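I have placed the structure first, in the form of C-alpha cells, so that the comments after it can refer back to it.
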Amino acid sequence: MEEEKQYKAYYDIQKELRARVIHSDVLPEKINYIAGTDVAYNDEDNTMIGAAVILDAETLEVIETAHHEMETTFPYVPGLFSFREIPALLEAFKKLKTQPDLIVCDAQGIAHPHGVGMATHLGLELDIPTIGCAKKRLLGDYDKAVLPSQRGASQTLLFEGKKICAALRTQDDIKPMFVSIGHKVSLETALIWVLKLCSQYRLPETTRQADQLVNRLRADSISKKTLEKE
DNA sequence: GCGACAG
DNA sequence: ATCTTGTCGC
C-alpha cells in the first residue's frame, strides 16, 4: 500500500546491498577479536544507545567497548529493522581502537525477506565479516521435532528452497538460536563460532556483553537526565 | 482474507 | 525493544 512507496528508497538500497553479500569465508587466518553489538532505547526522549564490545576470541574477555547515543529517527518496520539501529552502531564502531575480525549481531543476516538483515547490512557497511544470531526465527521452515535437544545440534531452515539459516541448540534442552550468514562468513563457520561463544549460556557471550552494556548505559543516561530536570 | 513480523 | 517480582518446577 502506501507504505511500499514511503519506504521505496530503502528497499532499493537493500536490493543493491543484497547483490554484494559474500556467502563464503573471507576472514583472517586467525580470529583474534570478535565484536558483539546491541542497541537500547529510551522512549521518554526518543533516543537510543548503540554499543559495540570487543572480546578476545580466545578467552572471551571484554577488552574494549564503545557506544553512541543519538535520537531514534527510523521507526520499527519489519524488514527495514537495520535502518533503525545501524546509525548508532556505525558511530559506536568508529570510536573503537580495536577493529574486530568478526562481528556477531543480535539479529538476522540473510534470513530476511530481502536477504539483507541487520547483520548483513552492518557487515557490508563496515566491510567486516558478520554473523546473524537471532533469538527468534524470522522466516524459513524447519521441523522442530527433528532438532535434537543436545547442545551443538543444528538444523537448516529453508526459504523458497534455499538454506537461509540454521536453528542451533547452544545449550542442552533450551530453545535454539537462529544463525545465518551475515557477510564474508559461511554458515558452517558461523555455526562453529556461535557455538564457541555459547559455552555457558543460550546467547553468545558477545551478545550478552553488548546487551548488558547498553542496559547499564541506558540506566545511567536516564538517571542523569532525570537529575538534570530536578 | 488473516496472521505473522529480527529488535 | 520495553513495562516488571516473585515464583513454579526440575
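Small disclaimer: the values here were computed from a predicted structure and weren't measured.
With salt bridges taken as basic N to acidic carboxylate O contacts below 4.0 Å, one links A:K8 and A:D12. For A:E69 and A:K225, the salt-bridge test passes: some basic side-chain N is under 4.0 Å from an acidic carboxylate O. Classification of A:D106 and A:K135 as a salt-bridged pair holds, one side-chain N sitting under 4.0 Å from a carboxylate O.
A:Q212 places its CD atom 13 Å from the P atom of C:dA1, with the value rounded to the nearest Å. Going from atom CZ of A:F81 over to atom C1' of C:dT2 covers 13 Å, rounded to whole Å. Between A:K136 atom NZ and C:dT2 atom C1' the separation is 12 Å, expressed in whole Å. Protein atom CG of A:D45 is 19 Å distant from nucleotide atom P of C:dA1, rounded to whole Å. The CG-P distance, from A:L213 to C:dA1, rounds to 15 Å in whole Å. Rounded to an integer number of Å, the gap from NZ of A:K135 to C1' of C:dT2 is 13 Å.
Among the heavy atoms of the strands lying under 4.0 Å from A:A40 are primed sugar atoms or P, OP1, OP2 only; no base atom is included. At the heavy-atom level, A:Y41 lies under 4.0 Å from the strands shown only through sugar-phosphate atoms. Here A:G79 lies in heavy-atom contact (under 4.0 Å) with a base.
Around CD of A:Q212, the count of heavy atoms belonging to other residues, nucleotides or ligands within 6.0 Å exceeds 12.
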Please write out each protein N/O paired with an N/O of nucleotides 5-10 of chain C under 3.5 Å, distance rounded to 0.1 Å.
none

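A cation-pi arrangement is present between A:R208 and A:Y201 under the rule of less than 6.0 angstrom and at most 45 degrees off the ring axis.
Atom-to-atom distance recorded for A:H121:NE2 and A:H112:NE2 is 10.0 Å, nearest 0.5 angstrom. Rounded to the nearest 0.5 Å, atoms CG (A:L203) and OG1 (A:T170) are 7.0 Å apart.
You can see that DNA chain B meets the heavy atoms of chain A within a 4.0 Å-exclusive cut from B:dC5 to B:dG7, reading 5' to 3'.
An OP1 or OP2 oxygen of C:dA1 is reached within less than 4.0 angstrom by no side-chain nitrogen or oxygen of A:R84.
Taking the salt bridge (Lys or Arg N to Asp or Glu O under 4.0 Å) definition, one finds that A:D38 meets it with nothing, sequence neighbours left out.
Ring geometry for A:F74 versus A:Y7: interplanar angle of 30 to 60°, hence tilted.
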